[in-house]
Amino acid sequence: MVETMPEQVLKSLKEKIQPEWVLAFFSAVMIGFLAHAYVFLHRLPNHDGIINIYNTQAKVKSGRFFLGPASGMSSFFDLPWVIGVLSILFLGLAAVCIIILFDVRKKLAIVLISGIIVVFPSVSATFAYMFTADGYMLGIFFAILAVVLTKKYKFGFLIGAILLCLSVGIYQANLSVALVFITLWIIHEILFSTFSTKGIGLHILRSGLAVGIGMVLYLAIFNFFTKFLNVQITSYQGLDKVGAVTIHDIPKRLVQIKEELLSFFFDSFYNHHDISLLPILNVFIFITLITAVFTVIVKKHLYKNLLHMILFIVLVMSLPFSYYIVYFISPVAFYHTLMVFSLSSVYIFLVLLYDAVEEKRPLWVEKVSSWATVLLMSVAIFNFAIIANISYFNMELRHEKTMNLTNRILDRIEQLDEYEDIKKMTVFGKVPMHSELTSEIIPNRIPHMIGTTGEVFLSEPYHYTALFDSFFGYSLDIATEEERKAIQQSREFKEMGVWPAKDSIKVFDDIVVVKFEDIE
């Protein structure tokens with residue numbers, strides 16, 4: 001008889017769940033909450049968060065047609081605790097998928113991989129955009145799950161293709177996540193499995209089918225919205241120029257990839273910033289990684305299999321392209337930290353090499369690299385958590401400055417004789433704020449994460465009106481571009497002082513103008 005009662009189904013599921021999965025999930029959850037509690041228990045919006053306190057996340061114009069449904073599980077409100085909990089749960093499931101994908105057995109390896117997953121800087125950067133973080137984390141989970149299904153089941157690539165389509169429909173950078181973990185899986189098979197060249201070729205074929213079918217599905221849905229529903233694609237990230245990359249763009253992109261990889265892993269040395277712990281750690285991590293790979297190749301005599309060695313080298317060399325695949329899709333796309341979650345694979349692969357070391361009679365170099373891996377990755381995870389909290393600390397400082405500045409501006413507006421006549425607002429220039437801590441010390445000691453850095457998050461007129469409306473109960477419309485031009489060309493505007501001068505705020509008809517800097 002088929003088990004249909006809830007208790008029976010739960011009991012059956014419990015029997016199928018492996019202890020390694022449980023350890024991975026709860027390690028990710030525990031480390032995730034410890035590392036990110038700061039941002040889960042505070043509301044620290046950035047420039048996007050302030051206008052997304054309530055938003056359906058219907059980002060069809062950005063090609064993210066599944067972001068709305070993915071983010072909708074936590075409602076469309078910016079609820080840091082709810083979104084944070086869901087995000088960590090999705091990352092916990094992603095950690096389980098990696099354990100399954102690579103059949104990780106050692107408990108320390110499982111904990112380290114789970115830790116990397118939940119504290120990698122891309123995760124912290126995404127939490128700067130808390131209003132949509134759960135959707136993005138679900139996208140990462142879908143991308144890795146797609147690879148797992150492709151590996152585990154003969155026709156798993158079909159479901160994997162659907163999951164990849166949905167993952168890229170949440171955020172296009174998730175294509176990198178899928179490509180990188182497919183590549184890592186094949187490399188792992190070459191180094192440690194007994195598969196023949198034909199078997200590895202079948203893995204590559206099924207993976208190619210999963211990616212190919214998934215992206216065809218994505219493009220079909222993308223075209224449906226653009227052509228049949230007449231949706232105008234945004235120019236953000238060069239989405240309106242997808243497919244316009246030419247052969248002349250490739251050298252420039254290769255240089256960008258080199259610079260971004262060096263900046264991420266060796267920032268202090270490459271960009272001549274203040275020395276911080278992460279670049280130093282990465283030097284030793286790469287030395288350990290190269291040593292461990294070389295040891296495996298020699299110990300298993302893989303150098304005798306010319307075809308496998310060539311495939312191994314090609315796959316390793318392909319990784320930078322997979323990390324930054326969007327660069328080869330649009331000529332004007334750019335990457336920032338929340339888009340490079342796939343770089344976590346460098347750290348994960350080092351742990352996988354440690355997991356594969358046999359406990360019985362290991363070589364001395366394996367003992368050294370095993371200890372180095374555990375110690376270095378433990379420190380790296382702790383350091384990533386510190387980086388996350390420094391970022392959140394900066395966000396809190398920035399939030400306090402922004403709210404206090406906005407309060408000062410509103411207080412000045414209320415003292416104007418024309419206050420009752422004001423219907424609209426506009427701002428010229430950027431607010432001049434500088435402190436050594438938030439402008440120099442913090443940015444020079446952590447990876448650059450758009451969304452977490454800066455003195456204030458007020459850069460456009462709609463940021464001011466959004467703050468007035470949501471936090472001060474004062475609603476104003478935004479002046480049109482034509483009205484702005486007319487004001488800027490007037491003699492009265494040119495004679496205005498610059499903030500915080502008394503005459504830096506003035507009313508033109510029914511439009512209040514704030515002038516932060518001289519405009520030519």
Side-chain angles (χ1 to χ4, degrees), residues 28-29 32 35-36 39-40 44-49 51-52 55-95 97-98 116-147 163-181 218 234 236-237 239 323 325-326 333-345 384 388 391-392 395 447 449-452:
V29 169
H36 303 295
V39 76
F40 295 165
L44 305 173
N46 62 12
H47 56 286
D48 279 349
I51 60 173
N52 282 278
N55 195 305
T56 61
Q57 298 303 313
K59 302 292 185 181
V60 176
K61 291 183 178 180
S62 300
R64 303 171 196 171
F65 54 81
F66 198 64
L67 181 58
S71 299
M73 286 183 286
S74 58
S75 82
F76 295 127
F77 291 93
D78 185 2
L79 307 174
W81 175 249
V82 177
I83 294 171
V85 168
L86 287 174
S87 297
I88 294 300
L89 293 180
F90 293 144
L91 289 173
L93 292 174
C97 286
I98 291 175
I116 295 164
I117 291 293
V118 292
V119 299
F120 192 70
S122 288
V123 173
S124 308
T126 304
F127 285 146
Y129 301 82
M130 183 59 73
F131 61 91
T132 193
D134 53 341
Y136 278 29
M137 300 311 166
L138 179 63
I140 289 172
F141 166 52
F142 276 1
I144 301 174
L145 179 59
V147 184
L163 287 172
L164 180 59
C165 170
L166 296 178
S167 176
V168 176
I170 292 172
Y171 198 34
Q172 290 89 341
N174 288 330
L175 176 59
S176 287
V177 177
L179 290 175
V180 167
F181 280 98
Y218 172 79
T234 180
Y236 176 72
Q237 281 283 38
L239 285 169
Y323 290 140
I325 190 65
V326 176
F334 62 91
Y335 269 81
H336 45 95
T337 308
L338 64 83
M339 297 174 67
V340 292
F341 179 83
S342 56
L343 289 178
S344 64
S345 62
F384 283 150
S391 300
Y392 304 147
M395 290 176 68
M449 290 187 268
I450 295 175
T452 69

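Across every non-hydrogen atom of Ser124 and Met449, the tightest pair is CB-SD, 4.3 Å. Minimum heavy-atom separation, Ala173 to Met339: CB-O, 3.7 Å. Shown here for Ala28 and Val118, the closest heavy-atom pair between the two residues is O-CG1, 3.5 Å. Shown here for Gly84 and Met130, the closest heavy-atom pair between the two residues is N-SD, 4.2 Å. Scanning all heavy atoms of the two residues, the minimum distance from Phe181 to Ser344 falls at CZ-OG, 4.5 Å. Taking every heavy atom of both residues into account, Ile325 and Tyr335 meet most closely at N-OH, 3.2 Å.
In this structure, Ser391 OG and Leu44 CG are separated by 11.5 Å, a value rounded to the nearest 0.5 Å. To the nearest 0.5 Å, atoms CZ (Phe120) and OG1 (Thr126) are separated by 10.5 Å. Atom CZ of Phe65 sits about 9.0 Å away from atom CD1 of Ile170, to the nearest 0.5 Å. Rounding to the nearest 0.5 angstrom, the gap separating the CG atom in Asn174 from the OG atom in Ser167 is 3.5 Å. Note that the CD1 atom of Ile144 and the CG atom of Leu163 stand 12.0 Å from one another [nearest 0.5 Å]. The distance from the CD1 atom of Ile88 to the CG atom of Leu93 is 11.5 Å, given to the nearest 0.5 Å.
The backbone N or O of Ala128 sits less than 3.5 Å from a side-chain atom of Asn46, completing a donor-acceptor pair. Remark: side-chain polar atoms of His336 are not paired, donor with acceptor, to backbone N or O of Ala125 under 3.5 angstrom. With hydrogens and angles ignored, the 3.5 Å screen pairs no side-chain donor or acceptor of Asn52 with any backbone N or O of Asn55. Judged by distance alone, with hydrogens and angles left aside, the side-chain atoms of Ser87 form a donor-acceptor pair with the main-chain N or O of Ile83 at under 3.5 Å. Between the side chain of Ser122 and the main chain of Phe341, a donor-acceptor pair closer than 3.5 Å is present.
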For side-chain contact (heavy atoms from CB on, under 4.5 Å), just list the numbers for Val123 and Val119, CA-CA rounded to whole Å, side-chain angles, deciding distance to a tenth of an Å, and then say yes or no. CA-CA 6 Å; Val123 173; Val119 299; over 6 Å; no
Would Tyr323 and Val180 count as a side-chain contact (heavy atoms from CB on, under 4.5 Å) if you check the C-alpha gap in whole Å, the side-chain angles of each, and the deciding distance to 0.1 Å? CA-CA 7 Å; Tyr323 290 140; Val180 167; 3.4 Å; yes
Does the pair Thr337 and Ile450 meet the rule for a side-chain contact (heavy atoms from CB on, under 4.5 Å), with working shown? CA-CA 7 Å; Thr337 308; Ile450 295 175; over 6 Å; no
Which donor-acceptor pairs under 3.5 Å do the side chains of residues 131-142 make with protein atoms, sequence neighbours left out?
residue: Asp134; atom: OD2; partner: Ser74; partner atom: OG; Å: 2.6
residue: Tyr136; atom: OH; partner: Arg64; partner atom: NH1; Å: 3.1

